[in-house]
Amino acid sequence: METAKGRRKPERLKPSYKPMEITLIKRDKTRTDLRRELKISPSTLAKMSNGEFVALDVIALICEYLDCKIEEVVEFIEIKETAN
């Protein structure tokens, strides 16, 4: 699989931001706090909700804000093959 720029994308792994949801709850924060305080765009938050890749600098910014490690924000999960 290739992007419009011709760069390959992972075929068997995708990001999951479930760890971020847990960390937000632990820190008594919300996605709205991320959007408002970090100026993260609604489209980036939508990508995260849909399990799409976002820029690493956004992940780092969230880690700084939540004072946590990257694995408390994102993890990679295997893409399940669908039977056709």
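In what follows, every heavy atom counts, from backbone to side chain, and hydrogens, waters and symmetry copies are set aside. Just so you know, these numbers come straight off a predicted model, no measurement behind them.
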Note, Glu11 side chain near Ile79 side chain (heavy atom, < 4.5 Å): no
Under a 4.5 Å side-chain heavy-atom rule over Ile, Leu, Val, Met, Phe, Trp and Tyr, are Leu13 and Met48 clustered together? no
The reported gap from OG in Ser16 to CD1 in Ile77 (rounded to nearest 0.5 angstrom) is 4.5 Å
For the pair Asp67 (side chain) and Glu64 (backbone), establish whether a donor and an acceptor sit closer than 3.5 Å, ignoring hydrogens and angles. no
Does the pair Glu78/Lys14 count as a salt bridge with the N-to-O cut at 4.0 Å? no
Lys47 and Thr44, any side-chain heavy atoms less than 4.5 Å apart: no
Quick one: closest heavy-atom pair of Pro42 and Arg35, and the distance? CG-CD, 4.0 Å
To the nearest 0.5 Å, tell me how far Cys68 SG sits from Ile22 CD1. 11.5 Å
Give every donor-acceptor pair under 3.5 Å between a side-chain atom in residues 50-62 and any protein atom, sequence neighbours left out.
residue : atom : partner : partner atom : Å
Asn50   : ND2  : Ala46   : O            : 3.1

Donor-acceptor pair, side chain of Thr23 and main chain of Glu72, under 3.5 angstrom: yes
Arg27 side-chain N/O to Leu66 backbone N/O, donor-acceptor pair under 3.5 Å: yes
Would you name the heavy atoms of Val74 and Pro15 that are closest together and state the gap between them? CG2-CB, 3.8 Å
Quick check: is Phe76 connected to Tyr17 through a chain of hydrophobic side chains (ILVMFWY, heavy atoms under 4.5 Å apart)? no
Please check if the number of heavy atoms outside Arg12 that lie under 6.0 Å from its CZ is greater than 12. no
Check: Ser49 side chain, Leu45 main-chain N or O, donor-acceptor pair, under 3.5 Å: yes
Does the side chain of Lys29 come within less than 4.5 Å of Tyr65's, by heavy atoms? yes
